[in-house]
Amino acid sequence: MNVVVSIGGSVLVPEPGAGRVEAHAAVLEELVADGCRVGAVVGGGGVAREYIGAARALGANEIELDQLGIDVTRLNARLLIAALGEGTVTAPAHDYEEAGDALRAGNVCVMGGVAPAQTTDAVGAALAEYIDADLLVYATSVPGVYDADPNEDDDARKYDRLSADELVDVIAGLEMNAGSSAPVDLLAAKIIGRSGMRTIVLDGTDPERIARAVRHGDHEGTDVVPEGVNEEPTYWAQ
Ligand code: UTP
């Protein structure tokens with residue numbers, strides 16, 4: 001089974017430190033030991049936001065800020081690489097072909113950002129599409145996809161299951177509300193739709209939740225099941 005795990009920067013590196021990174025790396029290695037081919041994508045988190053805020057105050061333009069963000073995602077990706085044992089690449093892949101080559105060579109591939117004007121959510125979806133993944137997991141700091149920002153709105157409701165078209169509609173609605181942040185961005189939702197990628201959005205702060213979702217489809221987040229995709233996945237372990 002091919003799986004892409006996209007780990008938010010605030011999940012993996014809430015602050016620079018080893019603990020979380022070690023625990024997430026251990027789970028990725030367990031999945032490899034189970035026979036999965038694993039692609040990991042790492043976000044920038046609070047550190048990226050701080051750098052971007054400082055550079056914005058210094059007058060950097062949006063593309064320059066994105067480049068700064070990409071650099072931080074790659075730094076975080078290097079931390080994950082440091083925690084993974086042999087069978088990992090030595091540096092984050094710069095593009096999907098490089099990542100695919102690493103996977104074909106039997107390595108875990110690790111990516112950060114690749115191009116301005118998007119986030120690593122889209123990188124995760126594109127990598128999953130490129131390697132023909134059976135499953136894409138977004139390990140975020142929120143428990144799933146909601147109809148409003150759960151940090152702002154006490155009445156926000158979590159979706160247990162969405163089609164890809166419904167996900168696009170929900171995200172588009174959330175992005176219209178300034179300041180409310182969606183757990184997955186719109187470009188990622190569009191890629192999920194066109195590729196028919198089965199996707200799970202969950203709270204990944206405890207990496208064991210990622211392992212359970214991949215192995216058994218068991219999670220408390222949101223399932224995104226594009227139209228035409230089988231109700232019952234055939235790849236989950238019994
Ligand atoms: P993230 O993917 O972490 O963005 O990339 P985010 O969704 O804002 O952060 P989380 O999910 O809360 O952790 C950090 C920043 O890096 C740039 C963007 O500016 C993004 O906001 N970036 C990242 C790119 O421009 N291109 C990429 O491919 C990835």
Side-chain angles (χ1 to χ4, degrees), residues 4-17 20-21 24 39-81 91-100 109-130 136-146 149-152 167 170-172 174-175 177-192 199-205 207 210 221-222:
V4 169
V5 181
S6 179
I7 311 174
S10 45
V11 170
L12 190 72
V13 195
E15 58 209 30
R20 282 278 184 90
V21 184
H24 277 80
V41 178
V42 180
V47 178
R49 272 192 292 280
E50 281 183 34
Y51 269 84
I52 287 171
R56 182 174 278 127
L58 293 168
N61 66 42
E62 291 300 316
I63 298 293
E64 289 169 329
L65 298 179
D66 285 340
Q67 291 291 3
L68 199 58
I70 292 169
D71 286 346
V72 177
T73 64
R74 292 176 59 80
L75 273 183
N76 287 342
R78 280 188 188 275
L79 268 186
L80 183 62
I81 288 170
H94 290 93
D95 57 38
Y96 304 109
E97 289 173 348
E98 207 182 296
C109 74
V110 182
M111 297 186 79
V114 291
Q118 62 174 36
T119 75
T120 51
D121 297 342
V123 177
L127 177 62
E129 185 170 51
Y130 183 70
L136 167 62
V137 178
Y138 285 105
T140 73
S141 50
V142 289
V145 182
Y146 284 75
D149 186 342
N151 296 317
E152 302 287 324
L167 178 67
V170 170
I171 302 296
L174 289 175
E175 289 194 351
N177 302 328
S180 122
S181 57
V184 177
D185 72 25
L186 194 52
L187 178 56
K190 292 270 193 186
I191 296 170
I192 290 165
T199 302
I200 297 171
V201 182
L202 49 69
D203 176 348
T205 44
I210 301 171
T222 301

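Just so you know, ligand 1 is whichever comes first in the structure, and atom 1 is the first atom listed for that ligand.
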Please check atom 11 (O) of ligand 1 for a protein heavy-atom neighbour under 4.0 Å.
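So far as the 4.0 Å threshold goes, atom 11 (O) of ligand 1 is out of reach of every protein heavy atom.
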Side-chain heavy atoms of [X] within contact of [Y], under 4.5 Å:
X	Y	value
Asp121	Tyr138	yes
Asp203	Val142	no
Arg74	His94	yes
Leu75	Pro16	no
Ile70	Pro116	yes
Val137	Leu202	yes
Tyr96	Val114	yes
Pro207	His24	yes

Check each atom of ligand 1 against the heavy atoms of [X] and keep those under 4.0 Å away; list them by number with element.
X	value
Pro116	25 (O)
Gly9	13 (O)
Val123	28 (O)
Val114	27 (C), 28 (O)
Thr73	5 (O)

Minimum distance, heavy atoms only, to [atom]: which one of [options] is it?
atom	options	answer
atom 13 (O) of ligand 1	Gly43, Gly45, Ala122	Gly45
atom 7 (O) of ligand 1	Thr119, Leu12, Asp185	Thr119
atom 29 (C) of ligand 1	Gly113, Gly69, Ala117, Ala48	Gly113

Would you mind checking which non-hydrogen protein atom is closest to [atom], with the distance to 0.1 Å?
atom	value
atom 3 (O) of ligand 1	Gly44 N, 2.6 Å
atom 25 (O) of ligand 1	Asp66 CB, 3.1 Å
atom 20 (C) of ligand 1	Gln118 O, 4.1 Å
atom 9 (O) of ligand 1	Arg49 NH1, 3.9 Å
atom 2 (O) of ligand 1	Thr120 OG1, 2.4 Å

Below 4.0 Å from any atom of ligand 1, is there a heavy atom belonging to Gln67?
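So Gln67 does not count as touching ligand 1.
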The test is side-chain contact (heavy atoms from CB on, under 4.5 Å); show your working for Val42 and Thr73 and say whether it passes.
CA-CA 6 Å; Val42 180; Thr73 64; 5.8 Å; no
Give the contacting part of Ala115 toward ligand 1: side chain, backbone, both or neither, where contact means a heavy-atom distance below 4.0 Å.
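It is the backbone that touches ligand 1; the side chain stays farther off.
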Heavy atoms from other residues, nucleotides or ligands near OH of Tyr130 exceed 12 (cutoff 6.0 Å):
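Counting other residues, nucleotides and ligands, OH of Tyr130 exceeds 12 neighbours.
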